[in-house]
Amino acid sequence: METSLVTYACLCGATTLSIGWLLHWIYKWMNPPCSGALPPGSMGFPILGESIQFFRRSSSLDVPDFYKIRLKRYGSIFKTSLVGQPVVTADPEVNRFIFQQEGKLFRSWYPEAANIITGEETIDGFHGPPHKFIRNSINKLFGLEYLKHNLHEVDGAIRKTFAEWSAKCVIDVHDSTPDMIIDQVAKMLFSLNPSESREWTKNYSAFLQGLISFPLYLPGTTFYHCMQGRRNMQKVMSNLLRKRLSKPEVKHGDFLDLIIEELQTEKPTIDDKFATDALVALLFTSFVTLAPILTLAFKFLSDNPEVIKALEEEHEAIVRNRCDASSGITWEEYKSLTFTNMVVNELTRMSNATPGVFRKTMTDVQVNGYTIPSGWMVMVCPMAVHVNPEFFEDPLKFNPWRWQDESKRSTLLKSFMPFGIGMRTCPATDFSKLFTAIFLHVLVTKYRWKNIDGGEVGRMGVIIFPNGYKIKLLPRT
């Protein structure tokens, strides 16, 4: 009897201690330690945080309810937990401060899912000499000088793709624009032809969905399919790298040449694994940024015939002034596209291709009277700024003319940072703008189209077309 009482007392004590530890852990989760005042907000449920609300699908291009509710309740900077401990900022000045303090107070970082997919070692590598090498190499192929001398290649590739589309009864532009982008970028990076690169699109679609999913690695889950796609692409890139390393003397004039040259130096700043992961990431970045912009172009132009008319006037005037009307666009013509540049700005503003840009604090950081503890992740959310009526009047209206007034334009640009600013500005920014402008040039001078089915648009971290977007592309007569 006495033994039973002792056993019972021990069980009660152990249970009490367990409950006490659990309550203490939950309290610490909900009230993270901080040397100052944390931004307002909720950490949500332990482990899960507020991830379920964040991943919930939104049925429009407006700011999803996840942000709307919290921006109204807490203001433009708040804490949350999305399988981690990020602070979210939708304040243009704070966003600019974060980008400007790259390498001092903040460093580039990614959510847990991206860390697993890309590999934390690879992300760590995108600092110092490896980052400098990759950035300089990208600038050689995606910078203004390269684009200026290879404009005809981009123009020709877009014309070829449009011709293929017009030969089909129906085309789903949501599924087909990634092919157009991957065709061109794979050629610039690896000198591959479309028949070799188009097989990659489905892997990258799975890749994209995984980045905005809960990192649960079980068969059938989105994250599982993403990891399968990642492995496939790593295998492809690894084989490609090995093939080129076996004949380093053969030059192709592409990005991979620069990688091979670096790996062959006495003290390379990168290794084979880093090179493979970097190649996968570079191709994915081009796909995820440009695809929604080009797809939305069809939707917004269809809904705004006055924009099509203005584009046609600008581009047809260029064609009329050519000695050969059938020749491709020139650099001088591209630089003269005033209204088209406004359309590109507006498409970029409303697409907001990524849900956020992530940074990690290198020390305790003071922002707007709050303290963001060292080691915390910060999510800069351009979307919540770009469709905020406080910064852009009638933000859900596709209005390229909002960029026309120079006095207002400078103010708008302060809140407009789709490609980041500072040392981490996307090095392919000029390529993205040029590709979109030439896409519009070929589209409005050579084709017209009819909407067939789908076209409804929403957000789930990234832009989605739940029912696709089918059109019939017709040559202009």
Could you work out, with salt bridge (Lys or Arg N to Asp or Glu O under 4.0 Å) as the rule, every residue matching Lys433, not counting sequence neighbours?
none
Please name all residues satisfying ring pair (Phe, Tyr, Trp, His ring centres under 6.0 Å) with Phe133, sequence neighbours left out, ordered by chain then number.
none
Considering residues at least two apart in sequence or located in another chain, which fulfil the salt bridge (Lys or Arg N to Asp or Glu O under 4.0 Å) criterion with Lys68?
Asp62
Could you give the side-chain donor-acceptor pairs of residues 465-476 under 3.5 Å, partners two or more places apart or in another chain?
from   : atom 1 : to     : atom 2 : distance (Å)
Asn467 : ND2    : Glu456 : OE1    : 3.2
Tyr469 : OH     : Asn451 : OD1    : 2.9
Lys472 : NZ     : Lys168 : O      : 2.7
Arg476 : NH1    : Glu316 : OE2    : 3.1
Arg476 : NH1    : Val444 : O      : 2.4
Arg476 : NH2    : Glu316 : OE2    : 3.0

Can you name the residues that form a salt bridge (Lys or Arg N to Asp or Glu O under 4.0 Å) with Lys187, not counting sequence neighbours?
none
Listed by chain and number, what are the side-chain contact (heavy atoms from CB on, under 4.5 Å) partners of Lys251, not counting sequence neighbours?
Asp257, Glu261
Which residues satisfy the side chain to side chain donor-acceptor pair (under 3.5 Å) test with Ser60, sequence neighbours excluded?
none
List the residues meeting side chain to side chain donor-acceptor pair (under 3.5 Å) with Ser238, not counting sequence neighbours, and say none if there are none.
Arg242
Please list, chain by chain and in numerical order, all residues satisfying side-chain contact (heavy atoms from CB on, under 4.5 Å) with Ile69, sequence neighbours excluded.
Asp65, Arg73
For Tyr146, give me all partners under ring pair (Phe, Tyr, Trp, His ring centres under 6.0 Å), at least two apart in sequence or on another chain.
none
Would you please name every residue forming a ring pair (Phe, Tyr, Trp, His ring centres under 6.0 Å) with Phe97, sequence neighbours left out?
none
Quick one: list whatever passes salt bridge (Lys or Arg N to Asp or Glu O under 4.0 Å) with Arg231, sequence neighbours left out.
none
